[in-house]
Participant: 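This is the structure I want to talk about, given as structure tokens.
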Amino acid sequence: MATTKIESYAASTIQLARWSKALSHPARISILQILQERQACICGDLVDMLPLSQATVSQHLKELKNAGLIKGDIDGPRICYCIDKENWEEAGKLVAQLFSNSGDIPRCC
């Protein structure tokens, strides 16, 4: 199988794929919905709200943070997470842009 040359794609396409991968698990979607609603949250609070172990929630938070969709500020022994507003808005624009051309798709089957 051929190796994809990632650098041959537009930076916005690469970024959208990165964010899409981070959004590809229902737990991460739930975490983002909670953070949107509450504006910020401690990992322990998220554990109490989700049917997942602390280690699993931490792994999902790590994925979201690595993708740049959330930020985490250390507050003593705890980390307070929130949506990264700038990246969140850019992700929304790129997703909207991807789906905005749906009227141009020809009927095929």
Participant: Nearest 0.5 Å, please: how far is CD in Gln54 from SG in Cys43?
Facilitator: 4.5 Å
Participant: Do the non-hydrogen side-chain atoms of Ile6 and Ile14 ever get within less than 4.5 Å of each other?
Facilitator: yes
Participant: Between Lys93 and Glu89, is the closest basic N to carboxylate O distance under 4.0 Å?
Facilitator: no
Participant: Any side-chain heavy atom of His25 within less than 4.5 Å of one from Gln59?
Facilitator: no
Participant: Atom CE of Met49 and atom OG of Ser30: how far apart are they, to the nearest 0.5 Å?
Facilitator: 10.5 Å
Participant: Tell me, do Ile34 and Leu50 make a side-chain contact under 4.5 Å, heavy atoms counted?
Facilitator: yes
Participant: Quick one: does Ser58's side chain get under 4.5 Å of Lys62's, heavy atoms only?
Facilitator: no
Participant: Ile70 versus Asp84: any side-chain heavy-atom pair under 4.5 Å?
Facilitator: no
Participant: Which value, rounded to the nearest 0.5 Å, describes the distance between Arg38 atom CZ and Gln36 atom CD?
Facilitator: 14.0 Å
Participant: Donor-acceptor check, side chain of Asn87 to backbone of Gly68, threshold 3.5 angstrom: yes or no?
Facilitator: yes
Participant: Any side-chain heavy-atom pair from Cys82 and Leu35 closer than 4.5 angstrom?
Facilitator: no
Participant: Output yes when a side-chain donor or acceptor of Thr56 lies under 3.5 Å from a complementary backbone atom of Leu52, and no otherwise.
Facilitator: no
Participant: On a heavy-atom basis, which atom in Cys41 and which in Asp45 lie closest, and how many Å separate them?
Facilitator: SG-CB, 3.6 Å
Participant: Taking all non-hydrogen atoms of both residues, which atom of Leu69 and which atom of Ala22 are closest, and how far apart?
Facilitator: CD1-CB, 4.1 Å
Participant: Taking Trp19 for the side chain and Ala67 for the main chain, is one N or O donor matched with an acceptor at less than 3.5 Å?
Facilitator: yes
Participant: A side-chain contact here means heavy atoms from C-beta on lying under 4.5 Å apart; do Arg28 and Leu23 qualify?
Facilitator: no
Participant: Taking Ser20 for the side chain and Leu16 for the main chain, is one N or O donor matched with an acceptor at less than 3.5 Å?
Facilitator: yes
Participant: Heavy-atom distance under 4.5 Å between the side chains of Leu32 and Trp88, does that happen here?
Facilitator: yes
Participant: Find the distance between CD (Glu63) and NZ (Lys21) and round it off to the nearest 0.5 Å.
Facilitator: 7.0 Å
Participant: Looking at CG of Leu94 and CZ of Arg18, how far apart are the two atoms once the value is rounded to the nearest 0.5 Å?
Facilitator: 12.5 Å
